[in-house]
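Reviewing the structure listed below.
Lettering of chains follows the sequences in order, A, B, ..., and the numbering in each one begins at 1.
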Amino acid sequence: MKRITIEPVSRIEGHAKIDIQFDDQGHVAGTQFHVTQVRGFEKFTEGRPFYEMPGITARICGICPISHLLASSKACDAIMAVRIPPAARKLRQLIHFAQIVQSHALSFFYLSAPDFLLGMDSDAASRNILGVIAANPELARDGIELRKFGLLIVEGLAQERVHPSWVVPGGVAAPLSSTIRDRILSELPAAHAIAERTLRFFKGTLDEYKEEIEFFGSAPTMYAGLVDRKGNLELYDGGLRFRSTAGDIIEDQIAAEDYAQWIGEASLRESYLKAPFFKPQGFPAGVYRVGPLARLNAADSCGTPHAEAEFKEFHQRFGTMVHSAFLYHYARLIEIVYALEKIEMLLSDPQILDTHVRAGAGVNALEGVGMIEAPRGTLIHHYKVNEEGAITWANLIVATGHNNLAIGRSVQQVAEHFIDGAKLNEGMLNRVSAVVRAYDPCLSCSTHASGLLALRVRLLDSNGALLDELASN
Amino acid sequence: MPQKKLSIRIDGELISALEGQTILQAARANKKYIPTLCALEGLTPVGACRICLVEVSGSERLFPACTTPIQEGMSVITNSPRLTRYRRITLELLLIERNHVCAVCVSNGHCELQAMATAFGISTVELAYNFPKLSLDMSHPRFVLDHNRCILCTRCVRVCAELEGAQVWELISRGIHARIVSELNEKWGNAASCTSCGKCVQACPTGALAEKGRAVEEMTKNLEAVTSLVHRRGVQA
Ligand code: FES
């Protein structure tokens, strides 16, 4: 039996490895998706003061530190049992939407655009952001500008681009100045225009990707995402909703503190990532997906005018329940539109400049859970503390974790459909990596944004002898 | 009675200083910089950190500027490749001894140890980290002690004893096992002699003593609050 290992999977955040086995006829017999990093944040934070958790857990990731800051600060708010000032809540939302814009822009333009724009089978040496710049400079520039816009907000609020410590238990550290608000507002129209242009471009290419849309992780699963009381898309607050493959709401408005009643976590032999599952259906039947696609499946509507129009069109094209992982990219673009509209609404509210932005308290509850929708999906921080406020136990469910099982299945599906073990070529393998990229998994603490990670694929026979090898640098 | 004046040289420059002054005091009075960590204006110097080592002509030994009194005709060198090497090693040893994780520290950006390491161009350490398992004392309602970040400068011990007069802090054990304890090794929260004045927190050069609830990077220390007291109370500096 032959075996291929793709390691590392390139253009994703973090380190992963894919194994593919073939039978004697060269057909794919099995695949495994391994996450090869071990992090240990849950263990080594034991004993730390709870209010240090946002700063510590933000270090989990260089791409979405703000997601961890927010989920962690919400868990701390719960331990302090405070209701944060209204302006603080709005400012936290503002930085959150800014991060959604920059993170989605990174995923779409930098990490995945090389596949759409240059083609899945294009020369691997130039299939990266530099290739995108050469082939379509306007698109590349749009990507850079949009990401800059997101970072402008983050920097304006937090005074730092990466790892800001501005989001704190009880609120935020400093209010927003009207100068910065006006600066962001003045750059908003350009950001809107980019989002619209990119959506138009992407919709125009959909016909070329019929095969990918059909076979890229299109196995139906359940979906989970936060929604507000009316069922609108929600990214900062709200309750968790689970929808079945068929589109029925199975559970709705699950509060953060009740997550453990509904979400179980299984440990997998081949991966350091735990696999969450929907408890009532058991493991592994209770596989569900999170993230942009799942959110647009879970919600009834977006609740902002432009995003809502795109949301309707999206579901008209692909049905009420959209299953193809390839369409995560589409969903991501719609969410960029949504986030930009939300940013505009928040900045138009005079209360956003209010200077009362932080509530203070000690330990008033011995347990706290914070739940938000990170760019990649539902993120849960759950802490227990002693009376003095030292962490005694922590559990983090990260967005990519929820998708772990689904990514594994998608890899299998793509491998079965696109790979012929008899004549291996790089384009086939790139599709396997591309489906992983569609989920925009974030497995890391570090930024590998350039897309220039080395990819080495080795095809071994059952005795471990090298049959074929492909490498890119 | 007016103090006697002595003539000494610091880095070749002739200066006059008062008898009884330490090298550090004479240098500071003449705007000469000598790096320090454990010394704090107004507190009895103890020579704990060895960052302030200087060369004195006529001796092969290095002397801590903060505790060495000046003598007539003394010639002091405050900066040399040898001193830089010693100071760097000292800083490295301080960095590896306990767990200084600047990125997630409440004092990140406001820490004297960090600033000193930066000034000496220490971006990585060559010695292996010790990674001791150390505890925190979070029992005080307003403050927290994190042994991971303590460099045993004993500023807290001295500020509490000499300025506040409460004598809450002590050192126990020796060498690598040494650590500061409050009131005969009671939990800080149970220390009846603690007046919760917070001077130890302000005097602490790192994030070892901090106010509760301060997020990463938020713990700025107000040394001024401690040193200005010295002048107001007329303590001999
Ligand atoms: S300052 Fe002189 S030994 Fe520390």
Side-chain angles (χ1 to χ4, degrees), chain A residues 40-41 43-62 65 68-70 72-73 75-77 79-80 82 88 92 158-160 162-174 357-364 385-392 445-446, chain B residues 98-111 114 124 129-150 179 181-183 185-191 194 196 198 201 204 206-221:
Chain A
F41 273 84
K43 199 70 205 153
F44 72 62
T45 51
E46 275 174 21
R48 299 306 311 172
F50 76 92
Y51 52 80
E52 283 187 2
M53 290 301 276
I56 296 175
T57 57
R59 300 281 161 175
I60 290 173
C61 179
H68 289 288
L69 273 173
L70 289 167
S72 181
S73 294
C76 294
D77 299 343
I79 288 169
M80 294 154 76
V82 291
R92 281 186 183 180
Q159 310 299 322
E160 261 179 271
V162 187
H163 297 307
S165 45
W166 174 75
V167 184
V168 293
V172 297
V357 290
R358 190 170 185 173
V363 178
N364 290 308
V385 296
N386 62 18
E387 271 94 13
E388 293 174 357
I391 297 283
T392 55
C445 54
S446 52
Chain B
R98 298 198 176 182
N99 304 306
H100 297 278
V101 188
C102 299
V104 297
C105 178
V106 290
S107 288
N108 188 14
H110 321 288
C111 168
Q114 185 187 41
T124 52
Y129 282 102
N130 195 29
F131 292 129
K133 214 171 160 35
L134 295 168
S135 61
L136 282 86
D137 185 343
M138 297 178 60
S139 58
H140 192 282
R142 284 174 49 209
F143 309 122
V144 44
L145 161 64
D146 186 347
H147 290 291
N148 291 288
R149 300 167 180 162
C150 175
R179 65 196 163 82
V181 290
S182 43
E183 213 172 66
N185 214 2
E186 257 302 329
K187 280 192 151 203
W188 193 0
N190 299 340
C194 176
S196 297
V201 173
C204 172
T206 69
L209 290 170
E211 286 159 9
K212 266 193 172 172
R214 295 290 187 149
V216 170
E217 296 176 14
E218 279 197 316
M219 188 62 230
T220 48
K221 302 284 174 85

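With a 4.5 angstrom heavy-atom cutoff, A:P54 does not touch chain B via any of its atoms.
By the side-chain contact (heavy atoms from CB on, under 4.5 Å) test, A:T392 is found to be paired with A:K384, A:N386, residues two or more places apart in sequence or in another chain being considered. Every residue meeting the ring-ring contact (aromatic ring centres under 6.0 Å, His included) condition with A:H68, not counting sequence neighbours, appears here in chain and number order: A:H381. Every side chain to side chain donor-acceptor pair (under 3.5 Å) that A:S72 has, sequence neighbours left out, goes to A:Y383.
When atom types are taken as modelled, the side chain of A:R92 and the backbone of A:V168 share a donor-acceptor pair closer than 3.5 angstrom. A distance-only check finds a donor-acceptor pair linking the side chain of B:R142 to the backbone of B:S196 [under 3.5 Å]. In this structure, A:D77 contributes its side chain and A:G170 its backbone to a donor-acceptor pair below 3.5 Å.
Interface summary for chain A: among B:D146, B:V144, B:V106, the most heavy-atom pairs under 4.5 angstrom belong to B:D146. Ranked by heavy-atom pairs under 4.5 Å with chain B, the first of A:E387, A:M80, A:R358, A:M53 is A:R358.
Proximity to chain A among residues 130-141 of chain B is limited to B:L136, B:M138, B:S139, judged by heavy-atom separations below 4.5 angstrom.
For the atom pair B:E211 CD and B:F143 CZ, the distance stands at 6.0 Å (nearest 0.5 Å).
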